[in-house]
4 protein chains.
Amino acid sequence: MPPTVTKALKPRKTPSQSRSRVTVDAIYEATIQVLLSQGMVGLTTTGVAERAGVSVGSMYQYFPNKQALVYALNDRFLTRLAERVEETCARMLGRPIAEATDALIDTYWAVKTERPELTRALYRSVAELDNDALIYAFAARVDRATTDMFRHAPDIPDDEVEQTNLLLTTVIYGSVRNAFERGLGPQEIAVLKTGLKAMCQDHLRSIGS
Amino acid sequence: MPPTVTKALKPRKTPSQSRSRVTVDAIYEATIQVLLSQGMVGLTTTGVAERAGVSVGSMYQYFPNKQALVYALNDRFLTRLAERVEETCARMLGRPIAEATDALIDTYWAVKTERPELTRALYRSVAELDNDALIYAFAARVDRATTDMFRHAPDIPDDEVEQTNLLLTTVIYGSVRNAFERGLGPQEIAVLKTGLKAMCQDHLRSIGS
Amino acid sequence: MPPTVTKALKPRKTPSQSRSRVTVDAIYEATIQVLLSQGMVGLTTTGVAERAGVSVGSMYQYFPNKQALVYALNDRFLTRLAERVEETCARMLGRPIAEATDALIDTYWAVKTERPELTRALYRSVAELDNDALIYAFAARVDRATTDMFRHAPDIPDDEVEQTNLLLTTVIYGSVRNAFERGLGPQEIAVLKTGLKAMCQDHLRSIGS
Amino acid sequence: MPPTVTKALKPRKTPSQSRSRVTVDAIYEATIQVLLSQGMVGLTTTGVAERAGVSVGSMYQYFPNKQALVYALNDRFLTRLAERVEETCARMLGRPIAEATDALIDTYWAVKTERPELTRALYRSVAELDNDALIYAFAARVDRATTDMFRHAPDIPDDEVEQTNLLLTTVIYGSVRNAFERGLGPQEIAVLKTGLKAMCQDHLRSIGS
DNA sequence: CATGAATGAGAGTTCATTCAT
DNA sequence: GATGAATGAACTCTCATTCAT
């Protein structure tokens, strides 16, 4: 059911010259700024270009259309996220499942905490259809990493890996997202993190016996 | 941080005459149809009016502007959701916390399952800023109901109610949402539900001792 | 080899209400004015709308895009032309070929003379690809009429009709067009008309014997 | 009524160095390619430069603006055409008018047949106003040649030369153009050529007596 | 001289909203 | 009240042209 990309959404060219690099980076940053301050609705091409101190024409030299801007942002963000998760999973290969899960939560939480507003802004931007494909792709990528991690854990039977992975990731990702969308204070956030970890541990202990 | 409403978003009047009622309902339904088939981007006033078999002018008789349409939809949906939760909470007043939690999950899950695509469409529509206020309001309302339920549970100390409520609701709402956004099959969905319930029970048992 | 139409080029709706009629007519006339004074290059949607005393939005209510404007103009013009030719052909059914040819030249010449600048402007506008289809269609229509006329002439063998028709129409249409494109004075034009008629007569006499 | 040139349309300099020569030729050829494949609408400066394997900047070294490109193309083509006609006329000096006319038709037809699509493309490009001047100039040049040829024919009275020239050239040029614009097959084209020649001969015989 | 990134005026098009009928 | 034609600000995107490197 993953939707198909109907438009060119990738940057026209990977910028290598220094001048281009600066321009592209300015555009990225401007897109984030505008997205945060005006939201998806207020994200206009001229607005972004202006904020980036660049002409519209220049922008279109690197991004074939408006969607490509947001797409690129999501791509960057998700790539970073996926890399982080993969890193963690690699580091936790062979460790007991409880430890692995804890590490996963830590990693996920950390990424979200780094630029929380950007995270929220991006979640919303996904409404523009074509990004769905991107999301699915990254979900699959991350899924592969965590599944692998769990499969190598010494304390979980092979035939439970899939199911456990599905449950844990769904609960973790969903809870983390929700935690950050509720506009809570840092204290409550901290409490939630501890609670989530506890819940997972309790459950793992319960099925482990 | 809750955003403030800057526009008139409510329907101009509560329609009481029968003819109006029909018109308004047609508009509601048309909005849903368009939202589902075209997404937020393709939701135009003329499009909705046409689908509803009503003139744009008439539509503006009942909804002062485009946002009001989506606002009303969210309002309806959230009201129904809140009522259902409140109902459950009332029914579970005084019951042990494990039972109460189970019932909460069942209720929440049931509401989502009823019109899953509409649910997703609405989630996305929230991107239009002003609906945030609505969401916050309903979150608070539902929170009051669940807190109340947990406070009357015989097996939980008063000073843990707030925390437990925050954790459980965050995890439940987040997980349920995530479960439905992943585009999973019914089997996996069912597995997830069972798993989520188990996790909550395990945790409650753990802190209960 | 006739090109295919790739866009909607026809007016959105045939205007029936009086207000619409006025609007559409104003747009037609404005398009002609702009086409004559600025040429195809200077024909902008806002320019036409302004000249017509109408908002761009209104224009787009009746014409789905810029091309449709020119398309409509060509359509109108060619329809009128075709009707005139068909009329003449009908009137000349059964007449000797010499007379028929003379009448055809007169008709064609008359149409061109009526609004010569418009004629030239339209010829040029055809450069916009999709109008080719229109041209082909009308060429075929007119061809049918003239072929029919010649077939009913008493003084031409059946197996020469096709060829004679092709030659005469090619020469007549081409010559008339060229005559008007050279920017000649009325005197020279008149001389040309006489000369063209004479040429055709001479040839017919020659092959008739 | 001949339009006036408002912009610099000629190449900046006559290229004499060998490197320049190659560049300019590449640009010429690229312009033709693009014109044929994309039409006048798709003829962009960057597109041509790319096809020519040259930077836009370089192109502007040789052609002051976009129009100059098309202008140069027309210039080249028309010059070749004029030269061919002048050649024929020179060769036919003093020959009887019938022969001369036949040769003229042959020449004109041959030029058109050589690169028919280019011919059509150029005809269309003329829509860009300023080329009109060019056309008029060449028309006059060719006219001079043919008039001269006819004036030296032994079998036509001096006071009929002008008129005959006007008629013959108008009919020939118009018919040839039309023949090639109708999208006919080679057979029909051949028939037309024979027919056109016959018509001219018949007429000349008729006025000659 | 060559390059091609940068420019930005201006084009086509959409759509929320109004108001004469 | 109902209608839907009219409005026009705002948006996305193109492309001829320039000029620092």
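All chains are named by letter (A, B, ...) in the order of the sequence lines, taking the proteins before the strands, and each is independently numbered beginning at 1. Since we're looking at a predicted model, the values are computed, not measured.
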Look through every strand shown and name the nucleotide pairing with dA20(E) as Watson-Crick or G-U wobble, where both distances are under 3.5 Å. dT3(F)

Is there a side-chain polar atom (N or O) of Thr23(C) under 4.0 Å from OP1 or OP2 of dA5(F)? no

Given dG8(F), dA2(E), dA9(E), which nucleotide is nearest the side-chain atoms of Tyr62(D)? dA2(E)

Applying a 4.0 Å non-hydrogen cut-off, can you work out what Leu43(C) is touching in the nucleic acid: base, sugar-phosphate, or nothing? sugar-phosphate

Between Thr46(A) and Gly57(A), just flag the one whose closest nucleotide in DNA chain F comes earlier from the 5' side. Thr46(A)

In whole angstroms, the gap separating P of dC15(F) from CD of Glu50(D) amounts to 13 Å

Nearest whole angstrom, please: distance from the C1' of dA5(F) to the CD1 of Ile27(C). 12 Å

Check whether any side-chain heavy atom of Gln38(D) lies under 4.5 Å from a side-chain heavy atom of Leu43(D), and answer yes or no. no

Rounded to whole angstrom units, what separation is found between the CD atom of Gln38(D) and the P atom of dC15(F)? 10 Å

The residue, Gly47(C) or Val54(A), whose nearest nucleotide of DNA chain E is more 5′ is Val54(A)

Could you identify the nucleotide paired to dT14(F), looking across every strand shown and requiring Watson-Crick or G-U wobble geometry with both distances under 3.5 Å? dA9(E)

Closest to the Asn65(C) side chain, choosing from dT17(F), dA6(F), dT13(E): dT13(E)

Can you tell me if Asn74(A) uses its side chain to pair, donor with acceptor, with the backbone of Val70(A) under 3.5 Å? yes

Measure from CE on Met59(D) to C1' on dG4(E) and round the result to the nearest Å. 13 Å

Separation of dA6(E) atom P from Phe63(A) atom CZ, nearest Å, is 12 Å

State which of dT12(F), dA6(F), dT13(E) makes the closest approach to the side chain of Ser58(C). dA6(F)

Counting only side-chain heavy atoms from C-beta out, which of dC13(F), dT3(F), dT17(E) sits nearest to Thr45(A)? dC13(F)

Hey, does the side chain of Ser58(A) reach the backbone of Val54(A) with a donor-acceptor pair shorter than 3.5 angstrom? no

In whole Å, I'd like the distance from the NZ atom of Lys66(A) to the C1' atom of dT14(E). 13 Å

Check every atom of dA11(E), dA9(E), dA9(F) against the side chain of Val56(C) and return the nucleotide holding the closest atom. dA9(F)

Can you tell which of dC15(F), dG4(F), dA16(E) lies closest to the side chain of Ser55(B)? dG4(F)

Assert: residue with more 5' nearest nucleotide on DNA chain F, out of Thr44(D) and Thr44(A), is Thr44(A)

Ion pair Glu29(A)/Arg76(A), N-O distance below 4.0 Å: no

Side chain of Tyr60(A) (C-beta onward), nearest among dT14(F), dT7(F), dT18(E): dT14(F)

Ring center gap for Phe63(A) and Tyr28(A) short of 6.0 angstrom: yes

Taking dG1(F), dA9(F), dA6(F) as options, the one with an atom nearest any side-chain atom of Gln61(B) is dG1(F)

Tyr62(B) vs Thr23(B), test: side chain to side chain donor-acceptor pair (under 3.5 Å). Steps then yes/no. CA-CA 9 Å; Tyr62(B) 299 108; Thr23(B) 302; 4.7 Å; no

